[in-house]
Amino acid sequence: MAPSREKKPPALKLLMVQLKNTQTSMDDIWRFVEGYERTTTASQVNVRLLSVDELWQKYGEILADIQAHDDFEDENEAFDKARLVYSDRYYYCKAFLMDRAKELQDPREADRSVRANEASAHGHGTLDHVRLPQITLQEFNGDIDEWISFRDLFTSLIHRKIDLPEVEKFHYLKGCLQGEPKSLIDSLKITKANYQIAWDLLLKRYDNSKLLKKRQVQALFNLPTLSKESVADLHTLIDGFEKVVQNLDQVVQPEDYKDLYSLTYSLLD
């Protein structure tokens with residue numbers, strides 16, 4: 001009877017290739033999370049959620065085999081640093097995918113979460129039994145006339161949520177932007193630190209008090225004139241005037257109305 005032979009451990013080179021392939025698969029999931037879009041389906045989330053645990057376990061096993069291998073002579077410091085990076089990514093990705101999977105399975109869950117956060121922020125212990133409709137975040141393409149409504153809604157639903165991680169706020173922010181404002185922050189990676197940088201860039205570009213005032217005063221002078229008696233045209237003029245005044249109230253201080261002529265002249269000069 002032939003003597004049994006002990007199974008030789010895989011060559012170090014093969015283990016290094018396996019580690020690299022596993023890292024690549026984990027990087028794919030990280031990029032999916034970083035570039036998450038609102039059009040993503042539940043299946044796209046769930047298939048990655050199913051594999052993230054398996055990949056993390058495989059990564060740990062291969063790394064242990066490498067560091068325990070007889071031919072391994074490198075310092076462990078580089079591998080330990082890499083493991084810390086992938087550990088953070090694993091826990092973040094799994095939590096993020098679990099939350100998204102829950103929302104996609106029951107869209108009302110996102111609405112309940114938002115309203116629960118609002119109740120907590122205002123000191124309410126319970127929610128009203130009436131189920132409110134879900135609020136959709138407004139998109140912003142750089143139109144200065146839409147900035148105030150976008151800013152106020154995003155601030156209320158996302159920016160002021162103290163229990164919402166900054167990196168998730170950044171995901172929501174990028175998903176709302178199109179055109180110029182999107183290009184303005186596209187170079188920033190979705191990280192905790194970069195969220196406030198991105199928000200400040202948008203405020204600097206679009207939260208321009210003088211420009212907002214000027215646009216509203218210009219809108220006031222661009223209202224249609226009445227060339228003939230018409231109830232419909234009169235209502236259109238009044239509605240337009242009220243809209244401009246409401247917008248002005250948000251950017252003009254009460255004392256500014258004391259001399260509307262001077263304000264108008266300085267803005268249109």
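Positions are given from 1, in the same order as the sequence printed here. Basis for what follows: all heavy atoms, side chains included, without hydrogens, waters or symmetry-related copies. Note that the structure is a prediction, hence the values are computed from the model and not measured.
Within a 6.0 Å sphere centred on CD of Gln178, heavy atoms belonging to other residues, nucleotides or ligands number more than 12. The local environment of CD1 in Ile162 is sparse, with at most 12 non-hydrogen atoms from other residues, nucleotides or ligands closer than 6.0 Å.
Inter-residue side-chain proximity for Leu104 and Thr41 is flagged as unmet; no heavy-atom pair is nearer than 4.5 Å. In this structure the side chain of Leu202 reaches within 4.5 angstrom of the side chain of Leu173, judged on heavy atoms. Here the side chains of Tyr195 and Val167 are not in contact, with every heavy-atom distance at 4.5 Å or above. Taking 4.5 Å as the limit, every side-chain heavy atom of Glu139 sits out of range of all side-chain heavy atoms of Leu177.
Closest non-hydrogen pair, Leu49 versus Met98, comes out as CD1-CG, 3.7 Å. Between Trp56 and Met26, the closest heavy-atom pair is CE3-CE, 3.5 Å. The shortest non-hydrogen separation linking Glu168 to Tyr92 is CG-OH, 3.8 Å.
Here ring pair (Phe, Tyr, Trp, His ring centres under 6.0 Å) pairs that include residues 166-191, with residues two or more places apart or in two chains, are Phe96-His171. The side-chain hydrogen bond (donor to acceptor under 3.5 Å, both in side chains) contacts involving residues 11-23 comprise nothing, where partners must be two or more places apart or lie in separate chains. Among pairs with a residue in residues 178-195, those fulfilling salt bridge (Lys or Arg N to Asp or Glu O under 4.0 Å) read Glu180-Arg205, Lys182-Asp186, at least two apart in sequence or across chains.
Note that CD of Glu166 is 11.5 Å distant from CD1 of Ile158, once rounded to the nearest 0.5 Å. Between the CG atom in Asp65 and the CE atom in Met16 there is a gap of 12.5 Å [rounded to 0.5 Å]. Atom CG in Leu201 sits 6.5 Å away from atom CG in Leu188 (nearest 0.5 Å). Separating the CG atom in Leu19 from the CD1 atom in Ile66 is a distance of 4.5 Å, to the nearest 0.5 Å.
Taking Gln57 as the reference, Glu61 meet the side-chain contact (heavy atoms from CB on, under 4.5 Å) condition, with sequence neighbours excluded. Qualifying ring pair (Phe, Tyr, Trp, His ring centres under 6.0 Å) partners for Tyr86, counting only residues two or more places apart in sequence or in other chains: Tyr59. Scanning for side-chain contact (heavy atoms from CB on, under 4.5 Å) contacts around Ser51 gives Ile29, Leu55, with sequence neighbours left out. With sequence neighbours excluded, the residues satisfying ring pair (Phe, Tyr, Trp, His ring centres under 6.0 Å) with Phe140 are Trp147, Phe150, Tyr206. Among residues two or more places apart in sequence or in another chain, the salt bridge (charged side-chain N to carboxylate O under 4.0 Å, His left out) test is passed with Lys174 by none. Every side-chain contact (heavy atoms from CB on, under 4.5 Å) that Leu153 has, sequence neighbours left out, goes to Ile135, Gln138, Leu157. Under the salt bridge (charged side-chain N to carboxylate O under 4.0 Å, His left out) criterion, Asp27 pairs with Arg89, not counting sequence neighbours. Partners of Asp88 according to the side-chain contact (heavy atoms from CB on, under 4.5 Å) rule, which considers only residues two or more places apart in sequence or in another chain, do not exist here. Applying the side chain to side chain donor-acceptor pair (under 3.5 Å) test to Arg48 and every residue at least two apart in sequence or in another chain returns nothing.
If you chain together hydrophobic residues whose side chains sit under 4.5 Å apart, Ile197 and Trp199 fall into the same group. Cluster annotation: Leu203 and Ile185 are assigned to the same hydrophobic cluster (Ile/Leu/Val/Met/Phe/Trp/Tyr, side-chain heavy-atom contacts under 4.5 Å, transitive). Linking ILVMFWY side-chain heavy atoms closer than 4.5 Å, directly or via other members, places Leu63 and Tyr91 in a single hydrophobic cluster. No path of Ile, Leu, Val, Met, Phe, Trp and Tyr side chains, each step under 4.5 Å between heavy atoms, connects Leu12 with Val17, placing them in separate hydrophobic clusters.
With Ser183 contributing its side chain and Gly179 its backbone, the two residues share a donor-acceptor pair below 3.5 Å. The closest donor-acceptor contact from the side chain of Ser87 to the backbone of Arg83 lies at 3.5 Å or more, if one exists at all. Between the side chain of Asn194 and the backbone N or O of Ile190, no donor-acceptor pair lies under 3.5 Å.
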Apply side chain to side chain contact (heavy atoms under 4.5 Å, CB included) to the pair Tyr90 and Trp30, showing each step before the final yes or no.
-> CA-CA 8 Å; Tyr90 161 70; Trp30 175 252; over 6 Å; no
Determine, stepwise, if the pair His159 / Asp152 fulfils side chain to side chain contact (heavy atoms under 4.5 Å, CB included).
-> CA-CA 10 Å; His159 185 67; Asp152 291 351; over 6 Å; no
For salt bridge (charged side-chain N to carboxylate O under 4.0 Å, His left out), just list the numbers for Arg31 and Glu34, CA-CA rounded to whole Å, side-chain angles, deciding distance to a tenth of an Å, and then say yes or no.
-> CA-CA 5 Å; Arg31 283 191 292 271; Glu34 273 197 312; over 6 Å; no
